[in-house]
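Data first, discussion second: the structure below is written as structure tokens.
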Amino acid sequence: MARIGREATGVERESARPDVIDTGMGEIDGEWAGIVFWHSLEHLEEPGTALADAVGLLAPGGILAIALPNADSLQARVFGSRWFALDPPRHLVHVGASALRARLQELGVKIERVNFLRGGQVVFGWADGIVGLLPGHPSLYDAIRRRGARFQPLSAQRRLYALAAGTLALPLALVGAAVEVALRRGGTVYVEARAAR
């Protein structure tokens with residue numbers, strides 16, 4: 001944001017950057033032209049409270065942009081406990097697009113855009129889910145991560161198995177993503193809402 005001439009402050013639990021602070025939304029002051037929750041609400045114990053705090057900080061006409069995994073998605077239904085976006089223990093809550101929209105309306109902001117592809121990870125969610133259904137339940141997500149970032153150690157053979165399966169699953173993952181986006185039940189949801197002027 002600074003590179004395009006905007007003042008911006010990030011909120012994160014741990015950061016050494018001076019423009020990123022470790023605090024909750026309820027501790028922030030001022031009036032903000034825009035607030036972005038990019039795949040962060042699912043990491044909060046009380047996302048509804050964070051949304052209310054954010055709406056209270058918006059300047060008249062300010063924009064609230066949110067992207068998060070969609071618990072109402074076809075992916076969530078098809079893959080159940082193997083759904084990529086469950087991501088325990090990092091994801092503390094799972095919010096559906098319908099609940100998010102209802103909460104935003106309750107808070108008095110006007111929803112201007114809802115998109116089931118823009119939030120990202122839609123195709124990968126399908127690919128990871130398909131691969132996880134194979135014998136041995138390989139994890140495509142672990143296979144693409146650096147060794148130290150994986151949830152479980154992987155042998156070279158098991159990693160190759162997951163990567164090859166992910167490559168073969170890609171056409172089916174693209175079809176799954178296209179269908180769920182067309183049905184407005186994508187694996188992620190992106191919402192823009194505007195505060196009253």
Side-chain angles (χ1 to χ4, degrees), residues 1 4 6-13 20-81 83-126 128-129 176-197:
M1 295 299 286
I4 61 169
R6 294 287 201 165
E7 285 185 42
T9 299
V11 177
E12 184 62 68
R13 274 179 252 178
V20 178
I21 57 176
D22 178 1
T23 191
M25 290 302 297
E27 305 300 316
I28 297 173
D29 294 320
E31 198 171 65
W32 299 82
I35 297 175
V36 178
F37 288 100
W38 192 263
H39 287 277
S40 55
L41 282 176
E42 63 271 24
H43 297 271
L44 303 177
E45 290 179 3
E46 296 183 28
T49 301
L51 283 175
D53 291 340
V55 167
L57 292 168
L58 286 174
I63 293 285
L64 181 62
I66 303 159
L68 76 161
N70 179 14
D72 296 337
S73 69
L74 289 183
Q75 286 179 32
R77 183 171 185 162
V78 168
F79 300 119
S81 65
W83 180 39
F84 167 68
L86 283 179
D87 200 13
R90 295 183 308 164
H91 289 183
L92 303 178
V93 295
H94 296 93
V95 178
S98 56
L100 175 62
R101 290 167 64 177
R103 179 66 173 147
L104 291 171
Q105 289 170 342
E106 181 182 287
L107 293 170
V109 292
K110 180 182 176 203
I111 297 172
E112 294 190 338
R113 179 186 298 180
V114 178
N115 187 299
F116 292 92
L117 183 60
R118 189 171 183 187
Q121 304 171 346
V122 177
V123 174
F124 186 81
W126 278 98
D128 183 76
V179 168
E180 75 176 359
V181 168
L183 293 175
R184 300 185 57 78
R185 291 187 57 196
T188 59
V189 61
Y190 171 82
V191 178
E192 283 180 17
R194 187 179 298 274
R197 294 188 188 274

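- Contact record, Val20 with Glu12: CG1-CB, 3.5 Å, taken as the closest heavy-atom pair.
- Residues Val114 and Arg184 form a side-chain contact, since some pair of their non-hydrogen atoms from C-beta on lies under 4.5 Å apart.
- Minimum interatomic distance between Val189 and Leu100 (heavy atoms only, all atoms of both residues): CG1-CD2, 4.3 Å.
- The CG atom of Asp87 lies 10.0 Å from the CG atom of Leu92; values are rounded to the nearest 0.5 Å.
- The distance from the NE2 atom of His39 to the CD atom of Gln121 is 4.5 Å, given to the nearest 0.5 Å.
- Scored by the side chain to side chain contact (heavy atoms under 4.5 Å, CB included) test, Ser73 finds Asn70, Gln75, Ala76, Trp83, Glu180 as partners (sequence neighbours excluded).
- Remark: Glu27 CD to Asp22 CG distance equals 11.0 Å, nearest 0.5 Å.
- With a 4.5 Å cut-off on side-chain heavy atoms, Val95 and Leu41 do not count as touching.
- Checking side-chain atoms of Arg185 against main-chain N and O of Asp72 turns up a donor-acceptor pair under 3.5 Å.
- Here the two rings, on Phe84 and Phe79, have centers that are 6.0 Å apart or farther.
- Closest approach of Ala97 and Phe116 over heavy atoms only: CB-CE2, 3.8 Å.
- Closest approach of Asn115 to Leu117, counting heavy atoms only: OD1-N, 2.7 Å.
- With a 6.0 Å radius and a threshold of 12 heavy atoms from other residues, nucleotides or ligands, Arg101 has its CZ atom at or below the threshold.
- Here the side chain of Thr188 pairs a donor or acceptor atom with the backbone of Gly120 at under 3.5 angstrom.
- At most 12 heavy atoms of other shown residues, nucleotides or ligands fall within 6.0 angstrom of atom CZ in Arg6.
- Across all non-hydrogen atoms, the minimal contact from Pro47 to Val93 is CG-CG2, 3.6 Å.
- If you run side chain to side chain contact (heavy atoms under 4.5 Å, CB included) between Met25 and each of Val55, Leu44, Ile35, only Ile35 comes through.
- Atom CG of Leu68 is separated from atom CH2 of Trp38 by 10.5 Å, given to the nearest 0.5 angstrom.
- Checking side-chain atoms of Arg103 against main-chain N and O of Gly48 turns up a donor-acceptor pair under 3.5 Å.
- Between His94 and Glu42 there is no side-chain heavy-atom pair separated by less than 4.5 Å.
- Of all non-hydrogen atoms in Gly119 and Tyr190, the two that sit nearest each other are N-CB, 3.9 Å.
- The distance from atom CD1 of Ile66 to atom CD of Glu192, rounded to the nearest 0.5 Å, is 10.0 Å.
- Within the 4.5 Å cutoff, side-chain heavy atoms of Leu64 are placed close to those of Leu51.
- Proximity of a side-chain donor or acceptor of Arg197 to a complementary backbone N or O of Pro60 within less than 3.5 Å is not detected.
- Atom CH2 of Trp32 is separated from atom OG1 of Thr9 by 3.5 Å, given to the nearest 0.5 angstrom.
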